Engineer: 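Please read through the structure below; I'll follow up with questions.
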Number of protein chains: 2
Amino acid sequence: MPSSRSRIPEATVARLAVYLRVLTGLADGGRSNVSSGELASAAGVNPAGLRKDLSHLGPCGVRGVGYEVATLRDRIARVLGVERSRPCVLVGIGNLGTALADYAGFGSRGFRFVGLFDAAPDRVGRRIGGQPVRPMGELDEVVAATAATIGVIATPADVAQSVCDRLTAAGVRSILNFAPVALNAPAGVDVRQVDLSVELQVLAFLGQQRGATAAAALEAPTVEVTA
Amino acid sequence: MPSSRSRIPEATVARLAVYLRVLTGLADGGRSNVSSGELASAAGVNPAGLRKDLSHLGPCGVRGVGYEVATLRDRIARVLGVERSRPCVLVGIGNLGTALADYAGFGSRGFRFVGLFDAAPDRVGRRIGGQPVRPMGELDEVVAATAATIGVIATPADVAQSVCDRLTAAGVRSILNFAPVALNAPAGVDVRQVDLSVELQVLAFLGQQRGATAAAALEAPTVEVTA
DNA sequence: AACCGCTTGTGAACGCAGGAACAAAGTCGC
DNA sequence: GCGACTTTGTTCCTGCGTTCACAAGCGGTT
């Protein structure tokens, strides 16, 4: 078995996606070869860690030379399962949903939205990125027709759970949730949570801590001297 | 020192932000008391882990009873540094930037945008959420006047680094980056990266792996039977 | 006043991720 | 054809995060 010689840790999978992005950029720029050091620098990680990540795919570089850009890119894409474009459905076409539907980055990275859904009648029928917004009633039909296995939730928090239920009932097996609630999904369905304000709050904490330690250093430097 | 009796792990900080959200909801619903089990369930984490997270704040519950909702909420908010609203600036008012500027969740969670910036002349002057989009030239002035320490980058990838440079030069100390590139920031500046398509790619991998293991189970069941 | 049930807080063990150092292997130069 | 250099792949190790299990403490009850 060429792929998945062993279980790949999830942290590695997330970094592989980053490497794939960098490699795609390098390939588009005409580069054919790259070393682990350069790739790690562009991805913002440690070179040794990058090599360890790639070792999960089996040997894919040439010692003394480096990695072939196109080959490595294709292999990572195959392992991640984005060699072919994957159909996704998006529920909740508010500001964030519209931004997601319009985001070109998804299309160039192996994902395409095959259905945009919203419960509000005044949003249904609008066209976003060349696609119409559909009523929730068409969800089952579209998921079945397109074999979409990934659903994205960009609704308000209070309806996210019911949307999750409808998506899983329709056959979706993976859910990316932007609503700030923890979802309960049946076993066998993967849920990933993205909470934008959590990220900001972590930053606020780091910033406050930075200020606190700086203040403490100014406040009682003699203690450190005498200690 | 009541806060920071020891260094708080970053993973714990991220979960504290989630607890804070749940607690705020409980308090708004009139609840005055909650147990670690119920709180953990609402946050989607392990009860023991939740108690360990809270133990970093010092004792804040009553044995046999649970936690007082309002007290715990306020203590977490103080530790995270969001007791008072923090000023942020946002650069890049495309689809995503507009969604972020309009997102009410930030305001209710201790963050307010005090400046929206974009380089495109046709976007400058538009009003979003009651605020005008300003030209990049006003960045230094606004950061200085508002003492904003947090900057959010929602620009295309190719200009994100230069925006990062300008933000840090203006005095911003924490950056939340939505552009799919690794940023180089000077020491003392915290950068957090949110890559939306990485999340989708992790889901795609998990889904593919689920399919692969299921296929393997169908392919060679006799081996497991004979083994 | 003493007991009992419930819940918190903490200690220990396990597994995992990250980093540094080293050996293997291939290429370039002579 | 051979040696030296470069770069990968791997191994070890250290530290962190997570989970389980138990002791400590408080309120209600008899």
Side-chain angles (χ1 to χ4, degrees), chain A residues 2-19 23 26 31-69 71-73 75-76 79 182 193 198 202 205-206, chain B residues 2 5-19 23 26 31-69 71-73 75-76 79 182 193 198 202 205-206:
Chain A
S3 68
S4 78
R5 66 197 277 130
S6 68
R7 210 193 97 267
I8 303 183
E10 193 168 308
T12 292
V13 173
R15 282 188 298 267
L16 285 177
V18 177
Y19 307 154
L23 286 166
L26 288 175
R31 285 288 297 275
S32 63
N33 221 285
V34 69
S35 72
S36 68
E38 188 181 355
L39 193 51
S41 169
V45 300
N46 186 293
L50 180 138
R51 292 199 297 272
K52 182 175 296 199
D53 286 338
L54 295 184
S55 75
H56 286 106
L57 319 180
C60 42
V62 179
R63 297 175 193 234
V65 177
Y67 301 93
E68 203 178 336
V69 172
T71 307
L72 185 56
R73 177 199 52 179
R75 184 182 291 208
I76 293 178
V79 169
Q193 177 89 23
V198 164
V202 172
F205 170 78
L206 294 174
Chain B
R5 66 197 276 131
S6 68
R7 207 192 101 268
I8 303 183
E10 193 168 306
T12 292
V13 173
R15 282 188 299 265
L16 284 177
V18 176
Y19 307 153
L23 287 166
L26 288 174
R31 286 288 297 275
S32 64
N33 220 283
V34 69
S35 72
S36 68
E38 188 181 355
L39 194 52
S41 169
V45 301
N46 185 294
L50 180 138
R51 291 199 296 273
K52 188 175 284 273
D53 286 338
L54 295 183
S55 75
H56 287 106
L57 320 178
C60 42
V62 179
R63 296 173 194 236
V65 178
Y67 300 93
E68 203 178 338
V69 172
T71 307
L72 184 56
R73 176 198 51 174
R75 184 184 291 208
I76 293 178
V79 169
Q193 178 89 23
V198 165
V202 172
F205 170 78
L206 294 175

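Predicted model only: the values in this text are computed from it and were never measured. Chain identifiers are assigned alphabetically (A, B, ...) following the order of the sequence lines, protein sequences preceding nucleic acid strands; residue numbering begins at 1 within each chain.
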Engineer: In whole angstrom, what separates A:Leu50's CG from C:dG19's P?
Structural biologist: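 It works out to 12 Å between those atoms.
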Engineer: If I take atom CG in residue B:Leu54 and atom P in nucleotide C:dT8, what distance separates them, rounded to the nearest angstrom?
Structural biologist: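 It is 9 Å, rounded to the nearest whole Å.
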Engineer: Within this structure, what is the CD-to-P distance between A:Glu38 and D:dT7, rounded to whole angstrom?
Structural biologist: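 The answer, rounded to whole Å, is 11 Å.
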Engineer: What nucleotide among D:dG27, D:dG17, D:dA21 has an atom nearest to a side-chain atom of B:Arg51?
Structural biologist: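 Nearest listed nucleotide: D:dA21.
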Engineer: OP1 or OP2 of D:dG9 versus the side-chain N and O atoms of A:Tyr67: is any pair under 4.0 Å?
Structural biologist: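 Yes.
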Engineer: Atom NE2 of A:His56 and atom P of D:dT11: how far apart are they, to the nearest Å?
Structural biologist: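 It works out to 12 Å between those atoms.
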Engineer: Has the side chain of A:Lys52 got a donor or acceptor atom sitting under 3.5 Å from an opposite partner on the base of C:dG19?
Structural biologist: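 Yes, a donor-acceptor pair under 3.5 Å.
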Engineer: Tell me whether the OP1 or OP2 atom of C:dT8 has a side-chain N or O from B:Ser36 closer than 4.0 Å.
Structural biologist: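 Yes, within the criterion.
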Engineer: Can you tell me how far CG of B:Leu16 sits from CG of B:Leu50, rounded to the nearest 0.5 angstrom?
Structural biologist: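 With rounding to 0.5 Å, CG (B:Leu50) is 8.5 Å from CG (B:Leu16).
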Engineer: Can you see if the side chain of A:Ser35 gets near the phosphate of D:dT7 - specifically, an N or O under 4.0 Å from OP1 or OP2?
Structural biologist: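 False: A:Ser35 side-chain N/O out of range (4.0 Å or more) of D:dT7 OP1/OP2.
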Engineer: Here's a test of your reading of the structure: between B:Val34 and A:Ala11, which maps to the more 5' nucleotide of DNA chain C?
Structural biologist: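 First, find each residue's nearest nucleotide; the 5'-ward one identifies B:Val34.
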Engineer: What I want to check is whether an N or O donor and acceptor connect the side chain of B:Arg63 with the base of C:dT7 at under 3.5 Å.
Structural biologist: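 In this structure, the two groups form no donor-acceptor pair.
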Engineer: Given C:dG9, D:dT10, D:dA21, identify the nucleotide with an atom nearest to the side chain of B:Ala48.
Structural biologist: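 When the side chain of B:Ala48 is considered, D:dA21 is the closest of C:dG9, D:dT10, D:dA21.
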Engineer: Tell me: CG of B:Asp53 to P of D:dC16, nearest whole Å?
Structural biologist: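 The answer, rounded to whole Å, is 16 Å.
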Engineer: Please report, rounded to the nearest Å, how far the P atom of D:dT10 is from the CG atom of A:Asn46.
Structural biologist: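 That distance rounds to 17 Å.
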Engineer: Could you check whether B:Gly66 gets within reach of a base, just the sugar-phosphate, or nothing at all, counting any heavy atom under 4.0 Å?
Structural biologist: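 Sugar-phosphate, no base atom in range.
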Engineer: What's the CG-P distance between B:Leu72 and C:dT8, to the nearest Å?
Structural biologist: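 Roughly 11 Å, once rounded to whole Å.
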Engineer: Applying salt bridge (charged side-chain N to carboxylate O under 4.0 Å, His left out), can you list everything that pairs with B:Arg31, at least two apart in sequence or on another chain?
Structural biologist: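 By the salt bridge (charged side-chain N to carboxylate O under 4.0 Å, His left out) rule, B:Arg31 matches B:Glu38.
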Engineer: Rounding to a whole Å, what distance do you find between A:Ile8:CD1 and C:dC16:P?
Structural biologist: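 After rounding, the gap between these two atoms is 15 Å.
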Engineer: Tell me, please, which residues at least two apart from B:Val62 pass side chain to side chain contact (heavy atoms under 4.5 Å, CB included).
Structural biologist: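 Once residues adjacent in sequence are excluded, the partners of B:Val62 under the side chain to side chain contact (heavy atoms under 4.5 Å, CB included) criterion are B:Val65.
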Engineer: Please say which of B:Val45, B:Leu72, B:Thr12 ends up in a side chain to side chain contact (heavy atoms under 4.5 Å, CB included) with B:Tyr19.
Structural biologist: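 Going through B:Val45, B:Leu72, B:Thr12 one by one, the side chain to side chain contact (heavy atoms under 4.5 Å, CB included) with B:Tyr19 is satisfied by B:Val45 alone.
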Engineer: About how many Å separate CG of B:Leu23 and OH of B:Tyr67, when rounded to the nearest 0.5 Å?
Structural biologist: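 Answer rounded to 0.5 Å: 10.5 Å.
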